[in-house]
Amino acid sequence: MTDTFLYTSPDDERSRPLIEALTREYATRYGTYFGDEPGAEMRRYPAALFAPPEGNFVLLLRNGTAIAGGAFKRYDEHTAELKRIWTHEKARRQGLARRVVEELEAQALRQGYTRIFLTTGFRQPEAKGLYLTMGYTPRFDVTLDPEIYKILPFEKELVPKVVTLASRRQRAPAATSVA
């Protein structure tokens with residue numbers, strides 16, 4: 001079993017399972033709750049918003065098949081907004097969404113962003129839990145019923161991971177000399 005990240009576009013044929021499943025999921029969880037027809041959220045943003053240099057779209061492929069994915073787009077000069085975080089229903093509970101979010105955070109840093117913003121819906125408790133455990137700061141009171149907010153915003157400062165020479169030296173085998 002081989003998992004690989006592939007940066008591509010929502011228009012890529014390999015993205016179809018993600019887009020279709022996420023559309024069904026939103027329609028099932030929310031229907032017309034927000035006043036839109038089911039699936040409207042998935043058509044709200046054109047694919048171009050998720051393209052470099054201001055955005056990106058990634059799939060996690062297992063043996064060539066999309067099992068998870070997500071994207072970000074520009075929110076403001078310093079902030080990327082995560083969108084479309086998804087895991088195939090048969091591949092859930094394996095930490096794949098966490099891997100996708102970590103990959104997107106790293107890519108956002110590489111593209112010059114220093115902050116992430118995202119929203120999730122009140123009927124997605126697993127997403128809320130994921131973001132809380134990944135260090136995202138809720139911009140709402142988590143002690144209240146999330147339905148009063150409808151949309152749950154989160155933010156996180158991105159911090160580059162620094163590898164110091166000392167820590168690299170500790171992992172390197174010691175040199176030996178012959179006298």
- Evaluation steps, side chain to side chain donor-acceptor pair (under 3.5 Å), between D12 and S15: CA-CA 5 Å; D12 184 319; S15 303; 4.9 Å; no
- Can R123 be said to sit on top of Y33's aromatic six-ring, NZ or CZ under 6.0 Å from centre and within 45° of the ring axis? yes
- Would you find more than 12 non-hydrogen atoms of other residues, nucleotides or ligands less than 6.0 Å from E77 atom CD? no
- Item | R93 atom CZ, over 12 foreign heavy atoms within 6.0 Å | no
Are [X] and [Y] within salt-bridge range, i.e. N to O under 4.0 Å?
{"X": "R99", "Y": "E102", "answer": "no"}
{"X": "E37", "Y": "R43", "answer": "yes"}
{"X": "R110", "Y": "E103", "answer": "yes"}
{"X": "K156", "Y": "E105", "answer": "yes"}

With distance as the sole test, does [X] use its side chain to make a donor-acceptor pair with the main-chain N or O of [Y] at under 3.5 Å?
{"X": "D145", "Y": "I148", "answer": "no"}
{"X": "Y149", "Y": "D141", "answer": "yes"}
{"X": "N63", "Y": "T2", "answer": "yes"}

Should [X] and [Y] be counted in the same cluster of Ile, Leu, Val, Met, Phe, Trp and Tyr side chains packed under 4.5 Å apart?
{"X": "I85", "Y": "I151", "result": "no"}
{"X": "V159", "Y": "Y131", "result": "no"}
{"X": "I19", "Y": "Y7", "result": "no"}
{"X": "M134", "Y": "W86", "result": "no"}
{"X": "L130", "Y": "L158", "result": "yes"}

Would you name the heavy atoms of [X] and [Y] that are closest together and state the gap between them?
{"X": "L59", "Y": "T8", "value": "CD1-CG2, 3.9 Å"}
{"X": "A71", "Y": "F57", "value": "CB-CD1, 3.6 Å"}
{"X": "K73", "Y": "L49", "value": "CB-O, 3.4 Å"}
{"X": "A68", "Y": "V100", "value": "CB-CG2, 3.8 Å"}
{"X": "E54", "Y": "Y113", "value": "O-OH, 2.6 Å"}
{"X": "G70", "Y": "L18", "value": "N-CD1, 4.1 Å"}

Quick check for you: to the nearest 0.5 Å, what is the distance between [X] atom [atom1] and [Y] atom [atom2]?
{"X": "Q124", "Y": "T119", "atom1": "CD", "atom2": "OG1", "value": "9.0 Å"}
{"X": "L22", "Y": "T87", "atom1": "CG", "atom2": "OG1", "value": "10.0 Å"}
{"X": "L60", "Y": "T4", "atom1": "CG", "atom2": "OG1", "value": "7.0 Å"}
{"X": "L118", "Y": "L152", "atom1": "CG", "atom2": "CG", "value": "9.5 Å"}
{"X": "L109", "Y": "L104", "atom1": "CG", "atom2": "CG", "value": "11.5 Å"}
{"X": "T65", "Y": "L61", "atom1": "OG1", "atom2": "CG", "value": "7.5 Å"}

- Message: Quick one, F117 with D76, criterion side-chain contact (heavy atoms from CB on, under 4.5 Å). Give me CA distance, side-chain angles, the key distance, then yes/no.
- Response: CA-CA 10 Å; F117 173 78; D76 66 31; over 6 Å; no
- Are T120 and F154 close enough, and set up right, to give a side-chain contact (heavy atoms from CB on, under 4.5 Å), and what steps lead you there? CA-CA 8 Å; T120 191; F154 291 86; 4.0 Å; yes
- Message: Does Y136 form a side-chain contact (heavy atoms from CB on, under 4.5 Å) with L82? I'd like the steps, not just the answer.
- Response: CA-CA 12 Å; Y136 281 79; L82 292 188; 3.7 Å; yes
- Message: Between F122 and F140, is the ring centroid distance below 6.0 Å?
- Response: no
- Message: If the test is side-chain contact (heavy atoms from CB on, under 4.5 Å), which one of Q107, E81, K83 qualifies with F72?
- Response: Q107
- Message: Using side-chain contact (heavy atoms from CB on, under 4.5 Å), reason through I67 and Q94 one step at a time and then give a plain yes or no.
- Response: CA-CA 11 Å; I67 58 168; Q94 297 177 29; 5.6 Å; no
- Relative to the ring of Y30, is the ring of F34 parallel (under 30°), tilted (30 to 60°) or perpendicular (over 60°)? tilted
